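Within every chain, numbering begins at 1; the chains are lettered A, B, ... in the order of the sequence lines, protein sequences first and strands thereafter. Since the model is a prediction, treat every value here as computed from it, not as a measurement. Heavy-atom basis, side chains included; hydrogens, waters and symmetry copies ignored.
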Amino acid sequence: MAAALEEYAELFAMTGGDAFRVRSYQKAAKAIAGFPEDIASVPVRSVPGVGEAIAKKVEEYLGRGSFRQLDDLRGKVPEGVRRLTRVPSLGPKKAVLLFQELGIDSPEALAEAIKAGGLKGVKGFGAKTEENLLRGIEQMERANTRVHTGVAMGLAERIIASLEDRAERIAYAGSLRRMRDTVGDIDILAVAPETLMEVFKAQPYVAEVIASGGKKTSIRTPEGVQVDLRLVPAESWGAGLQYFTGSQAHNVHLREIVVKKGWKLSEYGLFDGERVIAAGSEEEIYRALGMDWVPPALREDGGEIQAALKGGLPALVTVDDLKGDLHTHTDLTDGIASLEDMVAAAHARGHSYYAVTDHAPDLAMHRMTLEKALTQREQIRQLQGKYPDMRILHGSELNIGPDGSVDWPAEILSGFDVCVASIHSHFGQPREEMTRRLIAACENPHVHVIGHPTTRLIGKRPQVDADWDAVFRAAARTGTAMEIDSFPDRADLPADLVRLARHHGVRFSIDSDAHAVPHLANQRFGVGTAQRGWLTPEDVINTWPLDRLLGFLNG
DNA sequence: GCCGTTTTCGGCCCGACTGTTTTCAGTCG
C-alpha cells in the first residue's frame with residue numbers, strides 16, 4: 001500500500017498535481033509503511049496522515065491491489081518516464097518536459113537523444129546539463145551505491161581522521177548517525193575555515209567532485225559513495241547537527257511545530273525573528289520546543305515527535321546496557337579464533353556472561369559431532385576457573401530444517417545452556433511453509449533464540465517470506481527471543497520487524513554472531529538496529545543480570 | 001489532501017548549489 005501511494009505521489013507530481021497534495025500522499029505512504037500493525041486489521045483512518053480521501057484509496061487497494069486514480073495516472077505516464085526521475089539532477093518537471101517536447105520515455109532514450117544532439121533548443125537544457133545527465137545515466141547503470149553500515153562507518157571514520165586536524169569540530173550526521181542499516185551517502189559536519197574544502201577535495205578517496213561551494217562540497221568516492229561535507233559556524237553546531245542528522249521527514253515535522261510558534265529553524269539555529277533562541281546544542285533546541293532530546297535512531301517521524309512532546313520517549317537500550325553475547329563461534333566450526341581467544345576477548349569487553357554457540361551437525365561442512373561438542377563443554381568448564389566474574393555458557397547454533405525440526409534430539413539439547421536456532425537453507429519456501437517452520441522452531445522447548453530470523457544478506461539475499469505477525473505471536477507465547485544479529489550486512493531482524501515484534505510482546509537478544517575476535521565489536525550495530533526498533537533494556541534479554549537471564553533460559 | 005492550545009479555512013520547512021537565466025527555477029538533502 002505504501003509503495004502504491006508513493007508511486008501515486010510521484011505520478012501526481014509529474015502530471016502537474018498540487019505540491020502539497022503530493023506531500024500528503026508521501027506522508028501517508030510513510031506513515032503506513034511505519035505503522036506497527038497490519039493496516040488491513042485496523043481502521044486505516046487511525047494512521048496519522050490518512051484522511052478520508054486516502055482511506056478510500058486504501059480500501060480499494062486492499063480489495064483489488066490498486067485504486068482507480070493510480071490506474072488512470074499509470075495510463076498517462078509511461079513507466080520509463082517515471083524512471084527518468086531516477087537520473088540524478090533530473091526531477092519531475094524536466095522529465096515531463098522531455099517527454100512532452102521530444103517523446104523521450106526512458107533513461108536509455110534520453111542517452112541516445114543527447115548523443116544524437118537532440119536536446120538542442122529545449123528550454124533549460126544547455127551543454128553542461130546534457131553532460132551531467134549522461135554521466136548520471138551511466139552512474140545509475142552501475143551497481144546500486146547504497147552501502148551497509150559497516151562499510152559506511154569505516155569510510156566516515158577514515159574521512160573524519162583525514163580532516164580533524166584542520167577542523168575545530170567534526171562529526172558524521174545523516175542516516176549513518178541514525179544507524180540506518182544501509183546509507184546512500186555520508187554526511188560530515190564541521191566547524192572549520194572554508195579552506196577545509198580544498199583539503200577535502202584533494203583527498204585520495206575523492207574520485208569526483210559533484211558540487212562545491214563555500215559551505216557545502218559533495219564528492220564521490222571510487223566505490224561510488226557520495227560524501228557531503230557541510231560547514232557551519234561554531235555557534236550553530238547543535239542546529240547544524242540536528243539539521244543534517246535528519247531524517248527529512250523528522251525535520252519537516254519539527255518545523256511545522258516551529259512555524260506554528262512563529263519561529264524559524266534552520267541549520268543555523270532556532271530563531272524568533274532575528275533573535276537566536278537556541279543553536280549551540282541539539283538539547284537546547286529540542287528543549288526550547290518543549291520536547292525531550294530525541295535520540296538520532298528514532299528520528300524518522302514515526303511517532304517520536306509526539307512522544308518527545310509528552311516526555312514519553314523510551315529509554316533506549318545502549319551498548320553499555322549489554323551484559324553479554326549469546327551467539328558466537330570458534331574454530332571448532334566456522335570461526336577462525338580459538339575458544340581461549342574468543343573468551344579472553346569477551347572478558348576484556350567487560351561481559352558478565354558469554355555464550356559459545358558453534359554449529360550443530362546438520363551443517364555438514366563444519367563436521368560437528370556430539371563428541372566434539374562434549375569436549376568443548378569440558379574445555380569451557382576448565383576455562384571457567386580463569387574467569388570467575390564472567391559466566392561462560394555452552395550453547396549451540398542449531399539448524400532449522402525445512403520442516404521446523406532442529407539437528408539434535410531433546411535429550412542432547414537439554415545439556416546446553418543456550419540454544420540459538422537459525423535457518424541456513426531452503427530460503428525460498430512458500431510463505432505458509434516458512435511460517436510453519438519458524439513457528440515450529442519457536443515451539444521447541446529447547447530453543448531459546450531464533451537466530452538471524454529473516455536470513456537476509458544486505459545487497460545479496462532477500463528476506464525469507466513469512467507471516468511475521470504469526471511468527472511473533474508464537475515467539476511471544478512460547479517465550480522465544482528473536483535475535484538481532486549485529487553483523488552489518490545482516491542487521492537481522494531488521495528495525496521495522498523489531499518494532500512489529502515488540503508490539504507483540506517479543507523479547508530480543510542482540511548478538512554479535514562473531515566468527516573472529518574483531519566481530520565481537522559489531523554489537524554496536526545491533527544496538528543501533530534495536531534503537532531504531534524502539535527497544536529498551538527491558539526488551540533485551542542480554543542486558544539482564546545473569547540470574548534473570550538464567551531464569552529465562554531455564555524457564 | 002491533511003490538519004487544528006491561534007485556524008473547520010488557509011495554511012503547509014529551509015537553504016545550498018547549478019545552470020541558465022539576466023533575477024531565478026529546478027533539484028537535492
Looking only at atom C1', what distance separates B/dT8 and B/dG1, rounded to whole Å? 14 Å
Of all the nucleotides listed (B/dG19, B/dA16, B/dC13), which has the minimum atom distance to the side chain of A/V252? B/dC13
Distance check: side-chain N/O of A/R255 vs OP1/OP2 of B/dC13, anything under 4.0 Å? no
For the C1' atoms, the ones on B/dA16 and on B/dT7, what distance do you get once it is rounded to whole angstrom? 33 Å
Considering only atom P, compute the distance from B/dT6 to B/dC2 and round it to an integer number of Å. 23 Å
Whole-Å distance between B/dC13 P and A/L254 CG? 12 Å
Presence of salt bridge, A/R177 and A/E282, under 4.0 angstrom: yes
Using the C1' atom as the point on both nucleotides, what is the distance between B/dG19 and B/dC9, in whole Å? 39 Å
At under 4.0 Å between heavy atoms, what does A/V22 touch on the DNA or RNA strands: base, sugar-phosphate, or nothing? nothing
So which nucleotide from B/dC12, B/dG29, B/dG1 ends up closest to the side chain of A/R23? B/dC12
Identify whether the distance between the nearest side-chain nitrogen and carboxylate oxygen of A/K201 and A/E198 falls below 4.0 Å. yes
Under-4.0 Å salt bridge between A/E60 and A/R68: no
Residue whose closest nucleotide on DNA chain B lies nearer the 5' end, A/K57 versus A/A211: A/K57
When the distance from CD of A/Q26 to P of B/dC13 is rounded to whole Å, what number comes out? 12 Å
OP1 or OP2 of B/dT20 versus the side-chain N and O atoms of A/T129: is any pair under 4.0 Å? yes
Atom P, compared across B/dC17 and B/dC12: separation rounded to whole Å: 25 Å
Between B/dG15, B/dG1, B/dG29, which nucleotide has the shortest distance from any of its atoms to the side chain of A/S266? B/dG15
Out of B/dG1, B/dG29, B/dA16, whichever nucleotide has its closest atom nearest the side chain of A/D228: B/dG29
When the distance from CZ of A/R178 to C1' of B/dG29 is rounded to whole Å, what number comes out? 11 Å
Would you mind telling me which of A/D181, A/D465, A/D489 makes a salt bridge (charged side-chain N to carboxylate O under 4.0 Å, His left out) with A/R456? A/D181
Closest-nucleotide ordering on DNA chain B, the 5'-leading residue of A/S212 and A/R45: A/R45
What nucleotide, of B/dG1, B/dC13, B/dA16, holds the atom closest to the side chain of A/Y25? B/dG1
Taking the six-membered ring of A/F125 (Phe, Tyr or Trp), confirm whether the NZ or CZ of A/K94 is under 6.0 Å from its centre and within 45° of its axis. yes
Using OP1 and OP2 only, check whether a side-chain N or O of A/Y268 sits under 4.0 Å from B/dA16. yes
Side chain of A/Q226, heavy atoms from C-beta onward: which of B/dC2, B/dG29, B/dC14 has the nearest atom to it? B/dG29
So, does A/R230 get its side chain near the phosphate of B/dG15, meaning an N or O under 4.0 Å from OP1 or OP2? no
Base, sugar-phosphate or nothing for A/G214? Non-hydrogen atoms, less than 4.0 Å. sugar-phosphate
Output the rounded distance in Å from CD (A/E130) to P (B/dG19). 13 Å
Is a donor-acceptor pair below 3.5 Å formed from side chain A/Y243 to base B/dG29, judging by atom type as modelled? yes
Nearest-Å distance once atom C1' is located in both B/dT18 and B/dT23: 15 Å
Need one value for A/Q248: base, sugar-phosphate or nothing, where a base atom within 4.0 Å counts as base even if backbone is also close, heavy atoms only. base
Under a 4.5 Å cut-off applied to non-hydrogen side-chain atoms, are A/R461 and A/R490 in contact? yes
With C1' as the reference atom in both, quote the distance from B/dG4 to B/dT20 in angstrom, rounded to an integer. 42 Å
Side chain to side chain donor-acceptor pair (under 3.5 Å) for A/H519 and A/D513? Distances and angles first, verdict last. CA-CA 8 Å; A/H519 296 164; A/D513 193 2; over 6 Å; no
Between B/dG29 atom P and A/L176 atom CG, what is the distance in whole Å? 16 Å
How many Å lie between NZ on A/K264 and C1' on B/dG15, as a whole number? 9 Å
Give one of base, sugar-phosphate or nothing for A/A127, where a contact means two heavy atoms less than 4.0 Å apart. sugar-phosphate
May I have the distance from A/D301 (atom CG) to B/dC3 (atom P), rounded to whole angstrom? 12 Å
Measure the distance from NZ on A/K93 to P on B/dC28 and round it to the nearest whole Å. 12 Å
Do other residues, nucleotides or ligands put more than 12 heavy atoms under 6.0 Å from the NZ atom of A/K128? no
Is there a side-chain contact between A/N251 and the phosphate of B/dG29, meaning an N or O under 4.0 Å from OP1 or OP2? no
Would you indicate which nucleotide in B/dG26, B/dC12, B/dG1 comes nearest to any side-chain atom of A/K94? B/dG26
Output yes when at least one side-chain N/O atom of A/K216 is less than 4.0 Å from OP1 or OP2 of B/dC17, else no. no
Determine which nucleotide pairs with B/dT8, using a 3.5 Å limit on both distances of a Watson-Crick or G-U wobble pair. none
